[in-house]
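Reminder, nothing fancy here: chain letters follow the sequence lines and each chain counts from 1. Computed from heavy atoms alone, side chains included, the values below leave out hydrogens, waters and symmetry copies.
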Amino acid sequence: MIADSVSSQHISVKDPFDLNATMESGQVFRWEIVDRVWYAGVLEQQGVLLRRANDGLIVRSKGNALEAVAMFFRLEDDLHTIFTEVSSDRFVAEAFQKNQGLRILRQEAWECLVSFICSSVSNIPKIKRSLRALAKMYGNPVEIDGHILYAFPAPERLAAVTEDELRDLGLGFRAKYLVDLSSIVASGIVDFCKLREATYQEAKESLIKLPGVGEKVADCVLAFSLDKLEGFPIDRWVRRSLEERYPPAKRMNYTELRSWAQNKWGRNSGYVQQYLFQDKRLEGK
DNA sequence: GGTGCACCTGTTAC
DNA sequence: AGTAACAGGTGCA
């Protein structure tokens with residue numbers, strides 16, 4: 001069938017762009033490497049294969065996925081400009097230079113929210129296991145070039161699952177958060193499109209009311225999904241990094257430290273956070 | 001408003 | 001080998 005035929009398309013990317021570093025940066029957890037050179041994942045319900053080409057990306061998909069890919073990688077962000085704006089801080093400039101081409105992603109909000117609820121007191125391998133188990137168990141299968149991928153299950157689907165089922169998947173104490181969250185989101189109270197239009201503060205206040213969502217998870221969703229690049233998620237790694245470089249950070253609580261970062265880096269805070277996180281996490285590797 | 005603790009589970013450090 | 005500490009936090013006393 002013609003509708004099922006897969007085609008290759010190309011997107012040129014001018015900025016420094018490191019596909020591998022971005023996919024493995026702990027923003028997304030379900031993209032997998034297939035046939036050695038492709039990253040396989042689901043964008044807007046369709047299977048997509050991506051690989052780096054000399055001057056951009058090759059995209060394999062059944063429909064036209066170019067727009068979705070450009071949105072996902074925030075190709076409109078100019079990393080050179082961002083680097084210039086933050087490089088007065090030598091510490092940050094080094095992190096940027098060591099991890100050139102690392103990008104903030106614009107993820108689908110629901111999966112992003114669930115991902116970071118699952119991230120609580122966890123680690124990247126475990127988060128990956130949880131999310132892949134969720135998708136495989138409850139998500140719709142999608143095929144591309146012989147690879148079976150899974151769309152992330154809708155809130156309505158997860159709302160119909162019991163806490164015990166999720167615990168059996170290894171989600172632990174996060175299972176109850178997810179069940180409660182799913183029924184709230186499935187009810188339609190949360191409008192992610194409106195949150196995208198709202199201010200950082202407004203969107204954050206809405207997110208924090210949700211079960212399992214505190215300041216840190218909210219900042220992740222704001223920065224990695226809802227176009228709020230002033231979001232500055234502070235986890236253990238980022239806090240350590242800041243405390244080493246700026247000793248006063250030791251006496252600041254989450255809100256104080258986040259505000260301090262936002263005053264310093266403004267709309268680039270999300271990028272600064274991601275580079276500091278990556279740099280600290282890969283330290284010594 | 002701040003502090004301390006419990007919470008699942010898997011991995012790593014002694 | 002057995003045990004403790006730790007991991008992209010949050011909610012609740």
Side-chain angles (χ1 to χ4, degrees), chain A residues 21-31 95 99 102-105 107 109 111-134 137 158 161-185 190 204-226 228-229 231-244 249-261 269-285:
Chain A
T22 300
M23 290 303 204
E24 309 297 340
S25 67
Q27 294 178 256
V28 286
F29 305 93
R30 297 199 309 121
W31 287 81
N99 300 280
L102 170 62
R103 306 190 72 94
I104 297 281
L105 297 168
Q107 302 176 228
E111 177 167 355
C112 185
L113 181 55
V114 173
S115 298
F116 286 96
I117 281 175
C118 290
S119 77
S120 175
V121 206
S122 189
N123 51 62
I124 290 178
K126 185 173 172 180
I127 302 165
K128 284 183 174 176
R129 275 199 301 276
S130 300
L131 293 170
R132 286 174 181 174
L134 271 178
M137 188 70 78
L158 293 183
V161 173
T162 66
E163 181 182 337
D164 282 344
E165 287 177 78
L166 295 183
R167 280 179 180 264
D168 288 342
L169 292 185
L171 269 72
F173 63 81
R174 305 156 196 87
K176 180 165 172 50
Y177 293 153
L178 187 45
V179 171
D180 294 345
L181 175 76
S182 297
S183 64
I184 290 171
V185 174
V190 185
K204 188 164 194 176
E205 283 168 12
S206 299
L207 289 175
I208 286 202
K209 289 177 187 162
L210 300 171
V213 182
E215 272 223 71
K216 195 276 178 182
V217 170
D219 273 325
C220 286
V221 177
L222 290 164
F224 303 155
S225 175
L226 297 179
K228 306 295 181 280
L229 291 187
F232 190 82
I234 303 170
D235 66 352
R236 304 164 129 116
W237 296 99
V238 171
R239 175 171 280 279
R240 271 178 223 164
S241 174
L242 291 175
E243 287 179 349
E244 281 173 20
K250 291 177 189 167
R251 292 183 296 205
M252 298 185 195
N253 65 24
Y254 188 101
T255 307
E256 290 164 340
L257 191 50
R258 191 211 74 228
S259 300
W260 173 85
S269 297
Y271 268 101
V272 170
Q273 179 277 162
Q274 197 56 35
Y275 278 84
L276 292 181
F277 174 72
Q278 187 86 332
D279 202 50
K280 194 71 190 158
R281 193 168 66 87
L282 300 180
E283 202 172 55
K285 289 187 183 175

Any salt bridge (charged side-chain N to carboxylate O under 4.0 Å, His left out) involving residues 251-260 of chain A? Give me the pairs, sequence neighbours left out, ordered by first then second residue. A:Glu215-A:Arg258
Is any side-chain N or O of A:Arg174 under 3.5 Å from a base N or O of B:dC8, one able to act as donor and the other as acceptor? yes
Whether the side chain of A:Ser119 and the base of C:dG8 hold a donor-acceptor pair under 3.5 Å is what I'd like checked. no
So is the aromatic ring of A:Phe277 stacked onto the base of C:dG8, judging by whether the centres are under 5.5 Å apart and the planes are under 30° apart? yes
Remember a base hit wins even if backbone is also touched, and classify [X] as base, sugar-phosphate or nothing at under 4.0 Å, heavy atoms.
| X | answer |
| --- | --- |
| A:Gln273 | base |
| A:Gln27 | base |
| A:Pro125 | nothing |
| A:Gly26 | base |
| A:Arg239 | nothing |
| A:Thr255 | nothing |
| A:Leu210 | sugar-phosphate |

Return the value, rounded to whole Å, for the distance between atom [atom1] of [X] and atom [atom2] of [N].
| X | N | atom1 | atom2 | answer |
| --- | --- | --- | --- | --- |
| A:Gln278 | C:dG8 | CD | P | 13 Å |
| A:Asp164 | B:dC8 | CG | P | 11 Å |
| A:Arg281 | C:dA7 | CZ | P | 14 Å |
| A:Leu169 | B:dG10 | CG | P | 12 Å |
| A:Leu178 | B:dC7 | CG | P | 20 Å |
| A:Lys126 | B:dT11 | NZ | C1' | 10 Å |
| A:Lys209 | C:dG11 | NZ | P | 14 Å |
| A:Ile127 | C:dG9 | CD1 | P | 8 Å |

Any side-chain N or O of A:Asn253 below 4.0 angstrom from OP1/OP2 of B:dG2? yes
Encoded 5' to 3' (Watson-Crick or G-U under 3.5 Å; [ ] crossing; | other strand), DNA chain B becomes ..|||||.||||||
Salt bridge or not for A:Glu163 and A:Arg167, using N-O below 4.0 Å? yes
Is any NZ, NE, NH1 or NH2 atom of the basic residue among A:Glu24 and A:Lys128 found under 4.0 Å from an Asp or Glu carboxylate oxygen of the other? yes
What is the minimum heavy-atom distance between A:Ser241 and A:Lys280, and which atoms define it? CB-CD, 3.9 Å
Nearest-nucleotide check on DNA chain C, A:Pro211 vs A:Ser122; residue mapping nearer the 5' end is A:Ser122
Measuring only the [atom1] atom in each nucleotide, how far is [N] from [M]? A whole number of Å is fine.
| N | M | atom1 | value |
| --- | --- | --- | --- |
| C:dA13 | B:dC8 | P | 16 Å |
| C:dG8 | B:dC5 | P | 23 Å |
| C:dA4 | B:dA6 | P | 14 Å |

Nearest of B:dC8, B:dG10, C:dT10 to any side-chain atom of A:Arg129? B:dG10
Taking the side chain of A:Arg236 as heavy atoms from C-beta outward, which of B:dG10, C:dG8, C:dG9 is closest to it? C:dG9
